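Structure record follows, encoded as structure tokens.
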Amino acid sequence: MSYHWNWGILLAQEPGGTGTYLHYLIVGLGWTLATALAAWVIALVLGSFIGTLRTTGNRWIVRLGNGYVELFRNIPLLVQMFLWYFVVPELLPVRLGDAIKQMPPPWGSYVPAVLCLALYTSVRVAEQVKAGIQSLPRGQTFAGTAMGLTQLQAYRYVILPQAFRIILPPLTSEFMNIIKNSSVALTIGLMELTGRARAMQEFSFQVFEAFAAATVIYILTTLVVVLGMRWLERAVRVPGLIAASGAAQAAH
Amino acid sequence: MPDAMISIRNLSKWYGAFQVLTDCSTQIAKGEVVVVCGPSGSGKSTLIKCVNGLEAFQKGEVVVDGISVGGPKTDLPKLRSRVGMVFQHFELFPHMSVIRNLTLAQEKVLHRSPKDANEKGMKLLERVGLAAHSGKFPAQLSGGQQQRVAIARALSMDPIAMLFDEPTSALDPEMINEVLDVMVALAKDGMTMMVVTHEMGFARKVAHRVIFMDQGQIVEDCSKDEFFGKPRSERAQLFLSKILQH
Ligand SMILES: Nc1ncnc2c1ncn2[C@@H]1O[C@H](COP(=O)(O)OP(=O)(O)OP(=O)(O)O)[C@@H](O)[C@H]1O
Ligand SMILES: [Mg+2]
């Protein structure tokens with residue numbers, strides 16, 4: 001193989017005239033993070049809500065929650081991305097659908113990408129939240145409600161703060177997943193990091209440099225996330241409990 | 001009985017097809033201390049949880065201080081806030097400091113100011129001898145200390161009655177007395193108490209009445225002296241002879 005290595009390409013100007021290829025990729029990282037973070041906030045709120053509902057014991061609410069989870073869990077991410085981009089605007093009232101289709105780039109890809117990743121991840125968050133709540137001793141709910149807390153208050157002050165401590169590690173991996181999954185948005189034209197690495201390869205023919213640089217950027221980002229979550233885990237650690245899941249054992 | 005604080009009438013409860021409680025009736029007067037005992041699985045916990053509506057029941061009536069627990073219009077959280085409950089496994093909130101365990105419901109349910117709640121909490125911690133531990137977390141305390149905090153937590157709501165579900169049976173033997181001492185003091189203060197326990201020493205010392213349950217039924221319901229003198233049912237005699245051996 002006679003590949004012509006040229007790491008200097010990263011500092012060469014990209015044809016769009018916005019600056020170097022490296023700068024071009026880093027702007028891509030910006031879009032990756034903007035997509036992942038927005039989707040994560042929605043996924044966390046929605047997932048916590050649905051995961052909690054699934055533990056309430058109300059049969060219809062539980063069924064509704066289960067249906068939601070099954071729906072989004074069983075459709076491949078790529079298909080969901082296409083559904084949000086191509087199909088959903090057609091299903092909406094014509095005015096709204098047209099407005100969405102006419103959104104200028106990059107918003108026309110950004111909004112569907114965020115919604116897609118948010119809902120896809122929300123069911124995974126919901127699963128974790130449900131498992132976290134169910135791992136707590138039932139007596140904790142009894143103790144809360146026996147003191148006169150409403151069910152809502154018991155969740156808010158007693159159950160969820162404990163459940164979230166327990167599921168912090170799996171939530172960390174979900175957050176890293178959402179960053180990586182955001183690369184699927186390149187299929188609907190969002191120029192995030194992977195999309196830009198591909199564009200760079202097409203413009204410059206330096207395929208290895210383009211994807212090596214993108215890989216390094218992804219790894220560095222993941223590293224920052226891991227360190228951040230470690231810090232968070234330490235910050236919310238309960239004195240006297242060795243692991244978060246020790247909460248259950250300490251009471252028994 | 002006009003001054004009944006807790007009145008249970010013809011209470012029956014099923015888990016699916018399985019009947020846990022069968023036609024249970026009893027009354028507990030204001031200031032009365034009643035010990036409930038019986039073999040494992042006889043329905044003691046279920047009975048006591050029906051008193052503050054932690055378990056729903058299908059038949060009969062439970063009235064606490066004139067309010068029907070199963071009534072369609074009953075404000076259950078409000079009723080529960082007036083009845084203290086202490087659990088076998090303490091069930092302190094592990095992610096909160098000891099004092100926060102005592103102030104949370106005072107603030108969120110009774111809407112007391114943080115300052116008032118704190119004062120009340122510290123007073124009660126002093127009463128159970130744990131004021132020095134107010135800033136610790138439950139997992140940093142021994143079992144006996146945790147259960148004393150749990151009692152203080154229940155008292156922080158100024159309850160009109162206290163329910164105990166085997167408060168000492170998860171404790172190491174050397175810690176049982178520190179908890180029983182707190183309960184004895186409470187009984188002597190005139191608190192209305194319904195106590196599921198096998199600590200017959202406690203029953204002898206402060207109980208007014210003893211209820212013996214078997215297979216979901218109240219088999220004996222008599223004064224302490226009658227019960228320890230000679231229980232009428234054979235099951236109760238057998239049970240007593242078993243637990244009094246050790
Ligand atoms: N949620 C439940 N679903 C089905 N059956 C239950 C449930 N909770 C309790 N039971 C059954 O009801 C019966 C009474 O249980 P309960 O806990 O009231 O007994 P107990 O007298 O408190 O026993 P122990 O001394 O072991 O605490 C038992 O046979 C138990 O298996
Ligand atoms: Mg029990």
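What you see is a predicted model; the values in this text were computed from it and never measured. In the text below, chain A, chain B and the rest are named by the order of the sequence lines, each starting its count at 1.
- Cation-pi contact between A/Arg234 and A/Trp231: absent, since separation from the ring centre below 6.0 Å together with deviation from the ring axis within 45° is not met.
- Both the backbone and the side chain of B/Arg153 have a heavy atom closer than 4.5 Å to some heavy atom of chain A.
- Heavy-atom distances place the side chain of B/Glu55, and not its backbone, under 4.5 Å from chain A.
- A/Tyr155 and A/Thr56 are not linked by any side-chain donor-acceptor pair at a separation below 3.5 angstrom, with hydrogens and angles left out of the test.
- Looking at B/Val86, there are no atoms closer than 4.5 Å to chain A (heavy atoms on both sides), in backbone or side chain.
- The structure places CE of A/Met81 at 4.0 Å from SG of A/Cys116, a figure rounded to the nearest 0.5 Å.
- Both the backbone and the side chain of B/Phe93 come within contact range of chain A, each with at least one heavy atom under 4.5 Å from a heavy atom of that chain.
- Panel note: side chain A/Thr32, backbone A/Leu193; a donor-acceptor pair is recorded below 3.5 Å.
- Residue A/Arg156: no heavy atom, backbone or side chain, is found under 4.5 Å from chain B.
- Judged by distance alone, the side chain of B/Glu91 and the main-chain N or O of A/Ala143 form no donor-acceptor pair under 3.5 Å.
- Interface residue B/Lys49: only side-chain heavy atoms are found under 4.5 Å from chain A.
- Heavy atoms of B/Leu104 lying under 4.5 Å from chain A belong exclusively to its side chain.
- Looking only at side-chain heavy atoms (C-beta outward), B/Glu166 and B/Phe87 stay at 4.5 Å or farther from each other.
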